[in-house]
Amino acid sequence: MIFDALTLDVDTAVGVAVHPDHGSDAATLLQRVDLAANAAKAVPGSVQLFNPALESRSLRRLGLAGDLRRALDEGKLEVYFQPKVTLRDRRLVGVECLARWEHPTHGTVAPEDFVAVAEHTGQLSRLTELVLREGLRRSRNWAQADQPLSVAVNISPRTLTDQHFPDRVRELLDEYGVPPQRLTLEITEAGVLDGTERPIPTLRRLRDLGVRLSVDDFGTGDSSLAHLRRLPVHEVKVDRSFVQGMATDPGDLAIVNAVVTLSQQFGLAVVAEGVESELTLELLQDIGCEIGQGFLFSRPLPYERLEAWFGAQVDPETITSGELPRLRAVP
Ligand code: C2E
Ligand code: CA
Ligand code: CA
């Protein structure tokens with residue numbers, strides 16, 4: 001569509017609600033058609049008929065808002081840690097911090113759900129700060145125990161629009177006495193490149209602090225590899241859908257190969273996420289990917305179990321003070 005001098009890409013999303021099946025009054029029908037139209041936006045040009053599952057997810061999320069606030073107040077949210085290891089010799093290089101919430105009646109709530117609730121109810125900065133604090137606290141403890149591990153924390157795209165965020169990160173690094181290069185912030189590809197240059201000033205300020213920046217879920221958005229070069233980032237995480245597919249799908253293998261090769265040429269570190277099998281590990285090694293993360297090495301674990309995992313995996317003879325722990329090859 002041409003609009004004066006502007007060319008606009010226009011997508012349509014159609015939601016449908018049917019009287020009387022989906023409501024007997026106009027207000028209910030409009031509310032439900034809105035939910036259906038929102039769901040339709042996930043696939044440009046699609047038409048979505050209302051169904052009760054759409055309502056239950058959004059209602060559940062609404063119902064969770066108060067519970068999430070209470071959980072944050074009472075310190076009920078937990079942080080789990082998943083190891084990142086070098087693929088060649090399985091040295092532990094760091095951990096990713098992943099938030100966990102066990103709801104008293106609903107049970108485990110998926111992080112995608114409570115992060116969305118936090119985003120929509122003004123609680124995102126509290127959630128992010130909780131995870132950052134926990135990660136930095138553990139990083140400080142590991143450094144004191146001569147295990148200088150880096151910690152990675154997930155940042156929502158929305159946080160990049162908060163101008164105070166870089167200052168907050170600097171204050172927290174100071175408070176915990178953790179060197180900035182030991183903190184990695186993971187931001188999804190869609191958040192780093194939202195189609196505008198908007199997030200870039202915040203990314204620059206974070207990079208100038210000395211913090212490492214990682215593009216998460218790479219390959220799922222529509223940005224090209226060429227974009228990567230312009231971004232102030234240090235690391236790329238290949239989305240787990242490609243990593244999981246590479247052993248059976250030549251297309252996925254080609255994508256992982258391209259991302260790894262080009263990222264390395266740009267001087268970026270590459271992490272393969274979702275490494276679940278030895279076969280995938282071998283393919284990644286052939287391609288030259290250096291770092292991996294996945295169930296093959298460990299699931300995300302609470303701190304105490306991660307410590308036990310370190311203990312079981314680390315070959316004591318290879319530890320010298322200050323060196324990164326080396327993992328014994330998993331049989
Ligand atoms: P992510 O950043 O891509 O995190 C990796 C997800 O992959 C985690 O799911 C992890 O449990 C899972 N995973 C790791 N290895 C494997 C594997 O080998 N196979 C499979 N199938 N899955 C694997 P989780 O913990 O459910 O987190 C889901 C998403 O929620 C994260 O995706 C991240 O985007 C978001 N998230 C989690 N914690 C936070 C947080 O503190 N803040 C924000 N903003 N987002 C968070
Ligand atoms: Ca991540
Ligand atoms: Ca990811």
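Both counts, for ligands and for their atoms, begin at 1 and track the order of listing.
Closest to atom 42 (N) of ligand 1 among all protein heavy atoms lies Asn154 O, 3.5 Å. Here the heavy atom of the protein found nearest to atom 19 (N) of ligand 1 is Glu276 OE2, 2.5 Å. When only non-hydrogen protein atoms are considered, atom 35 (C) of ligand 1 lies nearest to Pro111 CB, 4.2 Å. The protein heavy atom nearest to atom 31 (C) of ligand 1 is Leu98 CD2, 4.3 Å. Nearest to atom 3 (O) of ligand 1 among the protein's heavy atoms is Asp217 OD1, 3.3 Å.
Residues meeting the side chain to side chain contact (heavy atoms under 4.5 Å, CB included) test with Arg70, sequence neighbours left out: Asp67, Glu74. Not counting sequence neighbours, the partners of Glu102 by the side-chain hydrogen bond (donor to acceptor under 3.5 Å, both in side chains) test are Thr108.
Considering backbone and side-chain atoms alike, Phe295 places an N or O below 3.5 Å from some N or O of ligand 1. The shortest N/O to N/O separation between Ala99 and ligand 1 falls below 3.5 Å. Residue Glu186 has no N or O atom closer than 3.5 Å to an N or O atom of ligand 1. Residue contacts with ligand 1: Asp216 is placed with a nitrogen or oxygen under 3.5 Å of a nitrogen or oxygen of the ligand (distance criterion only).
Within a 4.0 Å radius of atom 44 (N) of ligand 1, the protein has at least one heavy atom. Closer than 4.0 Å to atom 9 (O) of ligand 1 lies none of the heavy atoms of the protein.
Of the candidates Arg299, Arg138, Lys237, Lys84, Glu96 forms a salt bridge (Lys or Arg N to Asp or Glu O under 4.0 Å) with just one, namely Lys237.
Close approach of ligand 1 to Ser156 is summarised as follows: ligand atoms under 4.0 Å from at least one heavy atom of the residue are 44 (N). Residue Gln82 has at least one heavy-atom neighbour below 4.0 Å for each of these atoms of ligand 1: 14 (C), 15 (N). Residue Glu112 approaches ligand 1 through these ligand atoms, each under 4.0 Å from one of its heavy atoms: 28 (C), 29 (C). Using a 4.0 Å cut-off to heavy atoms of Pro300, the atoms of ligand 1 that qualify are 11 (O). Residue-ligand proximity, Gly294 to ligand 1, at heavy-atom distances under 4.0 Å covers atoms 15 (N), 18 (O). Using a 4.0 Å cut-off to heavy atoms of Glu96, the atoms of ligand 1 that qualify are 2 (O), 4 (O). The atoms of ligand 1 that sit less than 4.0 Å from any heavy atom of Val115 are 43 (C), 44 (N), 45 (N), 46 (C).
Using a 4.0 angstrom heavy-atom cutoff, Arg240 counts as in contact with ligand 1. Taking a 4.0 Å cut-off on heavy atoms, Arg100 registers as neighbouring ligand 1. Between Gln244 and ligand 1 there is a heavy-atom distance shorter than 4.0 Å.
Leu268 and Leu228 make their closest contact through CD1-CD1, 4.2 Å (heavy atoms, listed as atom of the first residue, atom of the second, distance). Across all non-hydrogen atoms, the minimal contact from Ala39 to Gln48 is CB-CG, 4.0 Å.
Distance CG/Leu149 to CG/Leu92: 5.0 Å, rounded to 0.5 Å. Remark: Ser156 OG to Leu127 CG distance equals 7.5 Å, nearest 0.5 Å.
Of all the heavy atoms of Val131, the ones lying under 4.0 Å from any atom of ligand 1 belong exclusively to the side chain. Neither the backbone nor the side chain of Thr128 comes within 4.0 Å of ligand 1, counting heavy atoms alone.
The side-chain heavy atoms of Glu119 and Leu124, taken from C-beta on, include a pair separated by under 4.5 Å. The side-chain heavy atoms of Val93 and Val85, taken from C-beta on, include no pair separated by under 4.5 Å.
Sorting the N, O or S atoms of Glu186 by how far they are from the Ca ion (ligand 2) puts OE1 first. Sorting the N, O or S atoms of Asp217 by how far they are from the Ca ion (ligand 3) puts OD1 first.
Annotation: angle subtended at the Ca ion (ligand 2) by Asp216 OD2 and Glu96 OE2 is 180°, to 10°.
Enclosure of atom CD in Gln144 by more than 12 non-hydrogen atoms of other residues, nucleotides or ligands within 6.0 angstrom is indicated.
With hydrogens and angles ignored, the 3.5 Å screen pairs a side-chain donor or acceptor of Thr86 with a backbone N or O of Arg91. Remark: side-chain polar atoms of Gln264 are paired, donor with acceptor, to backbone N or O of Gly288 under 3.5 angstrom. Ser46 places a side-chain N or O within 3.5 Å of a backbone atom of Ala40 that can act as its donor or acceptor partner.
Between Phe81 and Tyr303, the ring-plane angle classifies as perpendicular under the 30° and 60° cut-offs.
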For this session: Might you work through the side chain to side chain donor-acceptor pair (under 3.5 Å) test for Glu307 and Trp142, ending with a clear yes or no?
Result: CA-CA 10 Å; Glu307 286 281 282; Trp142 285 317; 2.9 Å; yes
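For the pair Arg168 and Phe165, the cation-pi criterion (under 6.0 Å, within 45° of the ring axis) is not fulfilled.
The Ca ion (ligand 2) has no N, O or S atom of Glu273 inside 3.0 Å of it. At least one N/O/S atom of Asn154, from backbone or side chain, sits under 3.0 Å from the Ca ion (ligand 2).
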